[in-house]
K.L.:
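This structure is in structure tokens; I'll ask about it shortly.
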Amino acid sequence: MRNGIITGWGKCVPPAVLSNSDLETVTDTSDDWITTRTGIKERRISHVEMSDLSAIAAERAMAAAGVAAEDLDLILVATCSPDRLVPSASTIVQAKIGASNAAGMDLNAACSGFLFALSTADQMIKTGAMHTVLIVGAEKLSHWLDFSNRSTSVLFGDGAGAVIVQAADDQPDRGLLAFEIGSDGTAGDLLCVPASGTEGSADRTELPTFLMEGQEVFRRAVKSMGDASGRVLESAGLDLEDVDLLIPHQANVRIIDATARRLNLPPEKVYINIASYGNTSAATIPIAIVEALEDGKIQPGSVIVFAAFGAGFTWAAGAYRWGARVEALAVSDAELPPNDKTALELLAGNIAIHGTGV
Ligand code: ACO
């Protein structure tokens, strides 16, 4: 049986840090409110394009896997904040890393995008259609931050994570053992960025920003992530005791805690890094994979449950058994260009357009 195994991993987070105390200067909020209601202490703001973050994360993942750019036959970029709608982010990344033999396509399932892409790659590998796939989850959500709206502007950040998934014929019980992806488009207006595409183009007057019914998103996220995780475990023939680590989408620490309680998983089996990056949508899970490996929380054969929920609504879960290797084969020296601006300086354009909340 052919399986898709994650053999390389890399992240790229931009250097400029936007702290909760920075936010106190541009919107009516406090470090205490943000920390207790969301678990977020700081987030990163990018001085480069989302495709630049993606390309560096991809270079690092390729080095970790010992794979050259020409070896890739598919690039999947999960994002809802591409540099441009045309051409796709995946083709821009393809050009930046020189992956001349790869097909590229973007996948927008908002915060669930990485898991939609992982299941797509897995199925394409299982059918034999693809052999070596690069998946990038990347966002530049700072583009849409509106500090006159304190309920959304404190939540989001920028970043990218990438994995290489490779076909393996000799690891029958490894890789993605079971997955679920789902959507409910009737709830689309509860979390959206109106006019971020072509709608209403004849009479638009403002630049797009987030609209969100936070409490409804919260409720549905806990239920969807918890229930889907339970179902994939059942499909994989696993019990809760078999789970070594839950890596959930990082939207709000209270959502993560409630999901873990719904699943009856103890806190030490739940990976949380939201304090450092906020919600980076499709990038949260691949960044968390990299950091969980660095922290030694993933070992050869570890059983991991991935779970995500996002705009659409979309949700996804996967039961994944890690392969044999948890060390990178090599380390890439790829780096972002230097940045000499503070996070607030990088956000001056947002403030000029939307104003502040103070
Ligand atoms: N600072 C200070 N006060 C605030 C802030 C802020 N940044 N934002 C809202 N408040 C105030 C509100 O105005 C309200 O004040 P009031 O009682 O005087 O009217 C009070 O805090 C409570 O507001 P709620 O919206 O009820 O706060 P809640 O506890 O629901 O937390 C939050 C809001 C953090 C957005 C929460 O609902 C949430 O996390 N929802 C999930 C949404 C999410 O994570 N979205 C990210 C994208 S979707 C995804 O990735 C799953």
Side-chain angles (χ1 to χ4, degrees), residues 18-43 78-81 108-116 137-139 141-159 182-184 187-194 196 209-229 247-259 262 272-275 277-288 306-317 354 356-358:
L18 183 69
S19 67
N20 289 351
S21 44
D22 291 327
L23 283 169
E24 289 173 353
T25 69
V26 287
T27 194
D28 181 15
T29 192
S30 66
D31 173 43
D32 182 58
W33 192 96
I34 300 170
T35 306
T36 53
R37 294 298 183 113
T38 72
I40 302 168
K41 295 301 281 184
E42 57 189 42
R43 63 293 286 147
T79 188
C80 58
S81 52
N108 179 356
C111 304
S112 311
F114 176 80
L115 294 185
F116 273 60
E139 304 285 3
L141 298 175
S142 61
H143 179 72
W144 287 317
L145 293 184
D146 168 3
F147 297 108
S148 68
N149 181 352
R150 65 181 179 173
S151 61
T152 57
S153 59
V154 303
L155 301 176
F156 300 102
D158 301 335
S183 308
D184 176 8
D189 286 345
L190 297 178
L191 175 54
C192 56
V193 183
S196 52
T209 186
F210 295 99
L211 274 189
M212 185 179 74
E213 295 285 340
Q215 292 190 354
E216 188 58 21
V217 176
F218 192 114
R219 269 192 294 275
R220 296 212 196 191
V222 173
K223 183 171 182 339
S224 299
M225 289 203 290
D227 292 356
S229 299
I247 299 187
H249 168 51
Q250 313 278 314
N252 183 319
V253 78
R254 292 188 297 135
I255 293 178
I256 296 172
D257 289 345
T259 303
R262 198 176 173 93
I272 302 178
N273 64 357
I274 190 171
Y277 306 120
N279 182 349
T280 58
S281 190
T284 68
I285 290 179
I287 291 173
F306 299 116
F309 182 85
F313 288 136
T314 58
W315 64 89
H354 297 292
T356 68
V358 291

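Both ligands and their constituent atoms are indexed starting at 1 by order of listing.
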K.L.:
Can you list the residues that meet the side chain to side chain donor-acceptor pair (under 3.5 Å) rule with Arg150, with sequence neighbours excluded?
P.N.:
Asp28
K.L.:
What I'd like to find out is whether the side chain of Glu42 reaches to under 4.5 Å of the side chain of Leu18, using heavy atoms alone.
P.N.:
no
K.L.:
When you look for protein heavy atoms under 4.0 Å from ligand 1, which residues do they belong to?
P.N.:
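Lining ligand 1: Asp28, Thr29, Trp33, Arg37, Thr38, Cys111, Arg150, Ser151, Val154, Phe156, Leu191, Met212, Gly214, Gln215, Val217, Phe218, His249, Ala251, Asn252, Arg254, Ile255, Asn279, Phe309.
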K.L.:
The criterion is salt bridge (charged side-chain N to carboxylate O under 4.0 Å, His left out); which residues satisfy it with Asp227, sequence neighbours excluded?
P.N.:
Lys223, Arg262
K.L.:
Regarding Lys41 and Thr35, do their side chains bring together a donor and an acceptor under 3.5 Å, going by distance alone?
P.N.:
yes
K.L.:
Taking side chain as C-beta onward, heavy atoms only, is Ser281 less than 4.5 Å from Leu141?
P.N.:
yes
K.L.:
Can you sort out the partners of Ser224 under side chain to side chain donor-acceptor pair (under 3.5 Å), two or more places apart, ordered by chain and number?
P.N.:
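Partners of Ser224 by the side chain to side chain donor-acceptor pair (under 3.5 Å) criterion come out as none, since no residue qualifies.
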